[in-house]
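Below is one structure, written out as structure tokens; comments come after it.
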Protein chains: 2
Amino acid sequence: MITKIAITDDHNMVLQGIQSMLSDTKEIKIVGLYNNGSETLNGVVKDEPDILLLDINLPDINGIDLCKALKKANPILKIIALSNYDEVSFIKRMLNAGADGYLLKNTDKLELLTAFKTVLNDEQYLQRDIEKKLLNQSIGKKTTNNLLIKLTRREKEVLEAIAEELTTQEISEKLFISHKTVETHRMNIMSKLGAKNSVGIIKTAIENNLL
Amino acid sequence: MITKIAITDDHNMVLQGIQSMLSDTKEIKIVGLYNNGSETLNGVVKDEPDILLLDINLPDINGIDLCKALKKANPILKIIALSNYDEVSFIKRMLNAGADGYLLKNTDKLELLTAFKTVLNDEQYLQRDIEKKLLNQSIGKKTTNNLLIKLTRREKEVLEAIAEELTTQEISEKLFISHKTVETHRMNIMSKLGAKNSVGIIKTAIENNLL
DNA sequence: TTCGCTCTAAGGGTATTCCCTGATTTTTCA
DNA sequence: TGAAAAATCAGGGAATACCCTTAGAGCGAA
């Protein structure tokens with residue numbers, strides 16, 4: 001049985017690279033190559049791949065939303081996220097969005113084939129290094145409180161307002177609450193993010209994609 | 001005459017992709033493939049490529065420093081920077097560091113060959129889109145004060161200290177200057193970056209790769 | 001219904017930032 | 001070598017951020 005693969009990446013080099021890796025494997029057939037989100041959405045309907053290798057960083061839409069949309073339209077399609085980044089927050093969100101696997105672009109042919117087998121078997125495939133990272137993180141080994149940063153709805157609103165360079169006073173007016181409340185939220189955010197001041201909040205927030 | 005090419009990229013897919021693109025071109029010979037900075041530094045001595053395709057985002061060293069080091073050790077070597085990013089600040093810094101060309105990873109075979117020819121001819125090669133961007137920017141079309149942000153050496157030091165979440169007092173102790181001086185620098189940085197406060201400084205600094 | 005979390009708010013104090021102005025010295029570079 | 005840019009420092013005041021503690025109301029889950 002032949003497995004039909006499609007690939008989405010805005011970098012031709014990567015498309016070419018994967019094609020080349022898989023060219024001498026008989027059980028694999030590449031049925032679609034897409035450069036962006038909209039091509040992918042249309043393409044998978046036409047080409048009916050079994051597995052989609054999906055680069056997360058696309059020009060027209062972010063990987064998380066695209067992954068959700070694809071899975072909604074076609075739950076049978078297996079999606080393996082492809083990324084340069086091994087940030088835990090990112091990975092978690094992709095998996096939550098329905099991705100069946102997560103690979104970094106330093107993958108080799110063997111791992112690619114293993115990943116295909118695994119997801120076709122309805123299991124989740126994570127690159128070795130990534131699995132380790134997720135484990136370490138959930139055990140809480142690292143002092144770098146990498147993730148698990150859970151801000152409440154209100155805290156997120158305050159965070160965004162801080163990022164807009166608003167003062168406490170301005171934020172309180174924007175959210176119709178007391179400036180004292182805003183301060184409390186800011187303090188709690190600082191504490192959750194391990195920041196010493198608002199600068200630290202913004203740094204950590206950006207690093208962890210909270211904005 | 002055969003042109004000897006070496007490639008540095010930590011993503012095997014990209015290595016494979018470029019190899020595959022160039023495999024049927026007789027005038028090109030790939031003499032080295034490196035995964036990181038140190039391999040590159042050693043490799044180019046041994047393999048003596050004419051041109052190095054250098055990915056900017058490497059695990060062990062940043063592209064700018066590596067480019068400088070390579071050019072210093074071997075000024076004849078042509079270096080074409082390879083990147084996912086088309087941010088003007090980045091490009092400028094790579095070119096300042098001695099790069100002879102700048103390509104995004106969405107490049108195709110034709111452009112790759114054109115780039116080779118151009119740099120071998122002692123000219124600078126920039127990808128079409130990038131050239132446009134640089135032009136637009138220098139004309140000052142965009143209101144987004146995209147770049148031209150020129151911080152002085154000292155301002156950069158202060159900026160970095162701010163990013164470390166230090167207070168003015170702490171920064172002054174670190175740099176052995178008066179806290180008043182630090183404040184002056186901070187004010188000047190705010191003004192240059194168009195920020196309302198330190199949060200804005202950090203945001204803009206991160207956006208513009210000043211950190 | 002109790003427990004836990006969130007959101008709200010306040011008091012009161014200290015530390016720091018932000019802003020303006022003005023000035024001297026040092027460095028850079030044309 | 002002279003002008004421009006950069007780095008240094010200062011005073012003083014208003015605004016804001018930071019910090020700690022306490023506490024009531026509302027809501028959803030155990």
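Proteins get letters first, then strands, A, B, ... in listed order; numbering begins at 1 in each.
Among residues two or more places apart in sequence or in another chain, the side-chain contact (heavy atoms from CB on, under 4.5 Å) test is passed with A:Lys180 by A:Ser178, A:Glu183. Applying the side-chain hydrogen bond (donor to acceptor under 3.5 Å, both in side chains) test to B:Glu157 and every residue at least two apart in sequence or in another chain returns B:Arg154. B:Glu170 is linked by a side-chain contact (heavy atoms from CB on, under 4.5 Å) to B:Leu166, B:Thr167, counting only residues two or more places apart in sequence or in another chain. Under the rule for a side-chain hydrogen bond (donor to acceptor under 3.5 Å, both in side chains), the partners of B:Thr168 that lie at least two apart in sequence or sit in another chain are B:Arg186. Annotation: side-chain hydrogen bond (donor to acceptor under 3.5 Å, both in side chains) contacts of B:Glu160 (sequence neighbours excluded): none. Partners of B:Leu70 under the side-chain contact (heavy atoms from CB on, under 4.5 Å) rule, at least two apart in sequence or in another chain, are B:Thr40, B:Leu41, B:Val44, B:Leu52, B:Leu54, B:Leu66, B:Ile79. With sequence neighbours excluded, the residues that form a side-chain hydrogen bond (donor to acceptor under 3.5 Å, both in side chains) with A:Lys71 are A:Asp100.
Distance, B:Arg186 CZ to D:dT8 P: 15 Å, rounded to whole Å. Taking atom CD1 on A:Ile202 and atom P on D:dA17, their separation rounds to 12 Å, with Å as the unit. Rounded to whole Å, the distance from CD1 on B:Ile201 to P on D:dA17 is 14 Å.
Salt bridge status for B:Asp9 with A:Lys105: absent, with no side-chain N to carboxylate O gap under 4.0 Å.
Looking at every heavy atom in both residues, B:Leu33 comes nearest to B:Ile30 through CD2-CG2, 3.9 Å. Considering every non-hydrogen atom in both B:Leu151 and B:Glu155, the closest pair reads CA-OE1, 3.4 Å.
Between A:Tyr125 and A:Lys117 there is no side-chain heavy-atom pair separated by less than 4.5 Å.
The footprint of chain B on DNA chain C, defined by a heavy-atom cutoff below 4.0 Å, extends from C:dT16 to C:dT28.
Put simply, the side chain of B:Thr107 never gets that close to the backbone of B:Leu103: no donor and acceptor are under 3.5 Å apart.
Residues from residues 174-184 of chain A lying near DNA chain C, meaning a heavy-atom separation below 4.0 Å, are A:Ile177, A:Ser178, A:Lys180, A:Thr181, A:Thr184 in numerical order. Contact check of residues 152-170 of chain A against DNA chain C (heavy atom, cut-off under 4.0 Å) returns A:Thr152, A:Arg153, A:Arg154.
Taking the C1' atoms of five terminal pairs at each end of the helix from C:dT1-D:dA30 to C:dA30-D:dT1, the two resulting helix axes are inclined by 70°, rounded to 10°.
Among the heavy atoms of the strands lying under 4.0 Å from B:Met187 is at least one base atom, whether or not backbone atoms are also near.
Residue pairs satisfying the side-chain hydrogen bond (donor to acceptor under 3.5 Å, both in side chains) criterion with at least one member in residues 41-51 of chain B, sequence neighbours excluded, are listed as follows: B:Tyr34-B:Asp47.
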